[in-house]
Protein chains: 2
Amino acid sequence: MAARADTSKTAESSDKVSVICRALRRAIIEQALEPGAKLPEDSLGERFGVSRTIARHALGQLAAEGLVELRRNRIAVVATPSWQEARDAFDIRIELERLVVRQLAGKLTKPQIAELNAHVDAEDRARDGTDAVSIRLATEFHILLAHMTNSPILVRYVSEVAYRCCLTLSLYSRPHSSECAINEHRAIIAALVKGDVDKVMGLMHSHLDSVATRALVAPSPQRGRDLLDILAPYADEASGDRVVKLPKAVRR
Amino acid sequence: MAARADTSKTAESSDKVSVICRALRRAIIEQALEPGAKLPEDSLGERFGVSRTIARHALGQLAAEGLVELRRNRIAVVATPSWQEARDAFDIRIELERLVVRQLAGKLTKPQIAELNAHVDAEDRARDGTDAVSIRLATEFHILLAHMTNSPILVRYVSEVAYRCCLTLSLYSRPHSSECAINEHRAIIAALVKGDVDKVMGLMHSHLDSVATRALVAPSPQRGRDLLDILAPYADEASGDRVVKLPKAVRR
DNA sequence: ACAGCTCAAACTGCATGCAATTGAAGCGCC
DNA sequence: GGCGCTTCAATTGCATGCAGTTTGAGCTGT
């Protein structure tokens with residue numbers, strides 16, 4: 001299982017660091033760590049049996065991937081992408097994954113096709129499990145596709161942006177709604193095997209677009225739950241009659 | 001000058017680390033540091049007046065961007081992308097930059113147009129200078145465009161992939177050949193201002209495509225200068241009559 | 001000369017220690 | 001009771017030290 005962990009040694013320096021990175025990445029996209037969750041270097045180091053130095057390095061890498069937010073002299077937190085950033089991430093993802101299927105159409109080997117089918121079967125089986133797992137599997141399907149291009153760079157970018165999208169999904173989409181995704185995955189495989197480039201690019205585009213719009217229905221500020229951002233407009237009109245009392249000065 | 005250094009605080013943790021990153025990035029794309037150049041932590045730290053810890057962290061970031069190669073227990077080196085990786089990078093870059101101009105077409109403000117024109121003028125003026133500087137300026141034109149989308153994610157990816165392409169250009173293209181690039185940049189600005197989405201996407205596509213093909217003319221193994229890779233086929237037929245004598249066992 | 005061996009210098013991997021900054025509890029004052 | 005100030009534990013920023021690995025220079029035997 002565990003759908004091909006690394007393969008490309010791009011970045012991910014030593015071992016300990018990359019182990020921590022993988023663990024955190026997974027925890028984040030499975031929502032074990034929610035956006036905004038604190039990630040103190042000490043606790044991380046202790047949890048993984050390494051020193052702060054290593055934990056710190058791992059946080060740096062994850063920050064470079066956009067999964068973690070680093071603020072000077074403050075505890076690192078799981079990133080909380082804005083709605084706009086989420087939309088941008090999906091736009092980029094669509095282009096990248098169109099590129100993936102364009103390169104792959106009609107070029108899949110038999111074992112690759114089998115691997116893809118096996119993965120979708122696994123997705124199917126996971127429908128009974130938790131949402132978190134099926135979200136992760138759905139994301140990993142796309143990463144698996146990217147791997148098959150044999151382009152480390154493409155793998156890296158697709159992975160990164162897919163994880164990011166995963167993160168935003170957990171932020172802005174409540175009911176999850178991955179029901180039809182599995183069928184769409186099967187359709188993509190079929191078109192890929194058939195070698196119909198235009199069709200598969202169209203399928204991938206509409207697949208991702210529908211995932212995005214299903215999730216990011218509207219700017220819907222309520223779901224942003226940044227608390228301070230939500231309160232900001234109220235604070236601006238510094239008048240009485242406030243529903244929520246603001247704690248002293250809300251600076252930054 | 002210095003075309004907008006950071007803007008997005010994504011990654012780039014503290015200050016010292018990001019200063020080193022920027023310096024190294026620039027040195028790399030200006031070919032002050034050639035691909036394969038060694039980057040010992042000690043020397044770096046000494047040069048920038050910081051400890052190895054910080055230098056190491058910076059190397060980690062650059063490795064995540066693909067500019068530096070980290071090998072366990074070995075001195076870090078400036079990355080040496082293979083021809084195939086170079087081609088892949090350009091493919092990705094084309095898609096990303098098409099996205100940039102699609103978002104920008106007809107939406108540029110007056111000051112933005114002025115900034116772009118000023119940059120191209122600077123490129124023009126730099127034609128007398130060294131190749132390295134004009135390559136850097138040409139790259140920064142594209143990054144400047146990305147900045148104008150106001151999408152930090154897009155900025156990050158375009159920057160990264162553009163730097164990577166810059167690196168490969170310095171590896172595989174000898175005469176440089178940026179003559180016409182400036183005119184192409186001007187044409188893109190014009191189409192952008194006019195708001196002709198299809199035209200500007202086409203322009204950007206052909207611009208990057210021509211840069212890529214001008215540079216990456218053929219797999220041309222000779223230019224890969226990896227020495228060991230070049231020699232590999234000779235080593236395979238472990239026979240006498242070799243032109244170059246191989247030093248003991250050529251392991252990895 | 002030349003291939004192989006040995007060993008010391010160079011370098012990385014990692015933990016730990018100290019100073020500086022932050023966040024929040026505690027405390028007095030209005 | 002609520003507001004502001006002080007103080008202290010928690011936490012980061014960074015340098016340094018030690019152990020293990022790699023590199024390559026020099027030596028030896030052929």
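Heavy-atom basis, side chains included; hydrogens, waters and symmetry copies ignored. None of the values given here were measured: they were computed from a predicted structure.
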- Side-chain atoms of Pro40(B) come closest, of dA15(D), dT12(C), dG13(C), to dT12(C)
- Message: Just to verify, which of His142(B), Arg93(B), Glu160(B) counts as forming a side-chain contact (heavy atoms from CB on, under 4.5 Å) with Cys165(B)?
- Response: Arg93(B)
- The side chain of Ile54(B) lies closest to which of these nucleotides: dA15(D), dT12(D), dG13(C)? dA15(D)
- Would you mind checking if Glu69(A) and Arg74(A) are paired as a salt bridge, meaning a charged N to carboxylate O distance below 4.0 Å? no
- Compare the minimum distances between each of dC11(C), dG24(D), dG13(C) and the side chain of Lys38(B), then state the nucleotide with the smallest one. dG24(D)
- Query: Taking the six-membered ring for Trp, are Tyr157(A) and Tyr157(B) parallel (under 30°), tilted (30 to 60°) or perpendicular (over 60°)?
  - Reply: perpendicular
- Message: In this structure, how many angstroms lie between the P atom of dT11(D) and the CD atom of Glu41(A), rounded?
- Response: 11 Å
- How long is the line joining CG of Asp15(A) and P of dG13(C), in whole Å? 11 Å
- Task: Specify the separation, in whole Å, of atom CG of Leu39(A) and atom C1' of dT12(D).
- Result: 14 Å
- Item | Smallest separation among heavy atoms of Leu70(B) and Gly60(B), with atom names | CD2-CA, 4.1 Å
- Query: Quick one: Arg71(B) CZ to dT23(D) C1', roughly how many Å, whole number?
  - Reply: 11 Å
Can you give me every donor-acceptor pair (side chain of residues 36-50 of chain A, partner residue at least two apart or in another chain, under 3.5 Å) with its distance?
from	atom 1	to	atom 2	distance (Å)
Glu41(A)	OE1	Arg52(A)	NH1	2.6
Glu41(A)	OE2	Arg56(A)	NH1	2.5

- Listed in order of residue number, which residues of residues 45-53 of chain A have a non-hydrogen atom at under 4.0 Å from DNA chain D? Arg52(A)
- When the distance from CG of Asp42(B) to C1' of dA10(C) is rounded to whole Å, what number comes out? 8 Å
- Write down the distance between NZ (Lys16(A)) and P (dG13(C)), rounded to a whole number of angstrom. 12 Å
- Item | Spatial distance of atom OG1 (Thr139(B)) from atom CZ (Arg164(B)) [nearest 0.5 Å] | 14.5 Å
- Whole-Å distance separating the CD1 atom of Ile75(A) from the P atom of dT22(C): 13 Å
- Task: Measure the distance from CZ on Arg56(A) to C1' on dG13(C) and round it to the nearest whole Å.
- Result: 17 Å
- Item | Pair Arg25(A) + Glu65(A): basic N to acidic O under 4.0 Å | yes
- For dT23(D), does either OP1 or OP2 sit under 4.0 Å from a side-chain N or O belonging to Arg74(B)? yes
